[in-house]
Amino acid sequence: MKTYTVGGAVRDQLLGLSVTDRDYVVVGMTPHQMIEAGFKPVGADFPVFLHPKTHEEYALARTERKTGPGYKGFTFHAAPTVTLEEDLARRDLTINAMARDDAGHIIDPYGGQADLNHKLLRHVGDAFREDPVRILRTARFAARFAQMGFTVAGETMALMREMVDAGEVDSLVAERVWQELARGLAEATPSRMFEVLRDCGALAHIAPEIDRLWGVPQSSAVHPEIDTGVHVMMVIDYAAQTKASLPVRFAALTHDLGKAVTPSQFLPRHPGHEAKSVELIDAMCARLRIPAECRDLAVVVARWHGEIHNALGLSADKLLALLDGCDALRRPERFFGVLDAAACDHHGRKGFAMTPYLPHDYLARALVRLQSIDFAHIASKHGAGVAAAIHLAKFNEMQTFINEEQ
């Protein structure tokens with residue numbers, strides 16, 4: 001039995017990064033021998049086992065063969081005769097196709113260390129084209145290592161374009177697309193993921209609502225960067241800098257989707273883009289089966305971010321409509337996520353990264369004032385008219401708040 005550490009753990013150690021997860025490959029063993037050694041089988045599609053003490057995953061060395069379309073169209077072969085080099089050959093990128101033995105020696109048959117030194121994301125071999133998920137993974141790794149200067153090798157980008165043209169990405173299932181997009185959004189420079197997907201043509205297939213944003217002009221007075229796609233990328237990168245949650249990052253990505261469908265006669269203005277954005281978010285979330293937590297926050301941000309930006313100038317009735325529309329009283333934690341996304345929208349503009357965003361704290365103070373109202377007392381004093389009485393109390397509190405803030 002020969003055991004090797006493989007994949008990301010080897011890569012990250014060579015890059016000087018902290019290693020949190022380790023994957024192991026076992027060469028020269030059968031499933032029966034693994035079970036006899038105390039390992040617990042857990043793999044449904046191929047032999048993966050849990051170590052009896054550490055509970056880490058150990059996979060038998062295996063090869064794979066393409067048998068159908070998409071990322072599920074594979075058959076796997078695991079046997080004691082499968083070599084480590086054959087197992088590494090099926091991996092996506094050279095930097096992920098290295099192994100380390102128990103003595104600490106690096107096994108690198110496909111040039112992963114050289115590509116690490118040259119900061120290149122390069123595919124291992126032509127088998128890359130057999131799995132369209134590898135396009136998404138390559139884009140995600142580009143986002144992860146963008147700040148270290150990594151780029152996608154020219155031949156790999158050309159191969160990904162060929163795969164897109166061949167219709168491979170159209171066979172991806174929604175859940176896997178969202179899984180990779182979500183992981184990419186969580187990286188340090190998520191814009192790089194979308195740039196790579198756009199460069200190879202995949203973004204137009206998996207998220208056309210986002211792909212259409214590039215080339216759509218905005219008013220230079222408000223958006224010095226002008227291009228809507230450029231703006232949205234600046235917004236999600238700012239969200240990443242602030243360590244925002246995934247729902248906030250997704251809301252930052254989708255808040256302006258409606259601008260892509262603004263009739264040309266209105267450009268560079270975008271009247272009514274908020275409502276159009278909500279429609280597109282709903283459709284995109286349904287198609288990609290995006291979790292409700294992300295969808296709901298994105299919808300609220302898309303609908304209300306314009307009013308949030310103008311909060312300091314709103315009258316009492318409009319301020320109350322904004323807070324009620326965001327369901328701030330019942331869902332204050334989500335409301336602060338909405339405010340965080342709006343702040344990212346503000347800062348994600350050319351020249352605005354360091355400018356203060358006053359609506360965030362202003363609306364937080366307004367919510368505190370609403371929370372101070374004794375709703376139980378009002379309900380005890382009014383019967384059928386309790387709803388009107390509560391609304392009046394909230395309105396009066398907002399009017400008093402505005403007067404005190406001025």
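Heavy atoms only: backbone and side chains are in, while hydrogens, waters and symmetry mates are out.
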Between [X] and [Y]: side-chain donor-acceptor atoms closer than 3.5 Å:
{"X": "T94", "Y": "D115", "result": "yes"}
{"X": "H309", "Y": "D345", "result": "yes"}
{"X": "H51", "Y": "Y24", "result": "no"}
{"X": "Q218", "Y": "R269", "result": "no"}

Kindly say whether [Y] contributes a backbone atom to a donor-acceptor pair with the side chain of [X] at under 3.5 angstrom?
{"X": "T156", "Y": "V152", "result": "no"}
{"X": "R349", "Y": "V222", "result": "yes"}
{"X": "H382", "Y": "A379", "result": "no"}

Mind checking whether [X] and [Y] have side chains closer than 4.5 Å, heavy atoms only?
{"X": "F375", "Y": "K394", "answer": "yes"}
{"X": "P31", "Y": "F39", "answer": "no"}
{"X": "R134", "Y": "H123", "answer": "no"}
{"X": "T138", "Y": "D92", "answer": "no"}
{"X": "D102", "Y": "K2", "answer": "no"}
{"X": "V25", "Y": "V27", "answer": "yes"}

Practice prompt. Taking only Lys NZ, Arg NE, NH1 and NH2, and the carboxylate oxygens of Asp or Glu, determine whether E404 and R369 approach each other closer than 4.0 Å.
Written response: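 Judged by the 4.0 Å cut-off on N to carboxylate O distance, E404 and R369 do form a salt bridge.
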Discussion item. So that I can tick it off, tell me whether R183 and E187 are bridged by a salt bridge, with the cut-off set at under 4.0 angstrom between side-chain N and carboxylate O.
Written reply: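 Judged by the 4.0 Å cut-off on N to carboxylate O distance, E187 and R183 do not form a salt bridge.
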How long is the span from the [atom1] atom in [X] to the [atom2] atom in [Y], to the nearest 0.5 Å?
{"X": "F128", "Y": "R90", "atom1": "CZ", "atom2": "CZ", "value": "14.5 Å"}
{"X": "L363", "Y": "L323", "atom1": "CG", "atom2": "CG", "value": "6.0 Å"}
{"X": "K259", "Y": "S277", "atom1": "NZ", "atom2": "OG", "value": "8.0 Å"}
{"X": "L136", "Y": "F141", "atom1": "CG", "atom2": "CZ", "value": "12.0 Å"}
{"X": "L246", "Y": "L181", "atom1": "CG", "atom2": "CG", "value": "10.0 Å"}

Worksheet item: Does the gap between the ring centers of H347 and F352 come in under 6.0 Å?
Response: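 Centroid distance H347-F352: not below 6.0 Å, so no.
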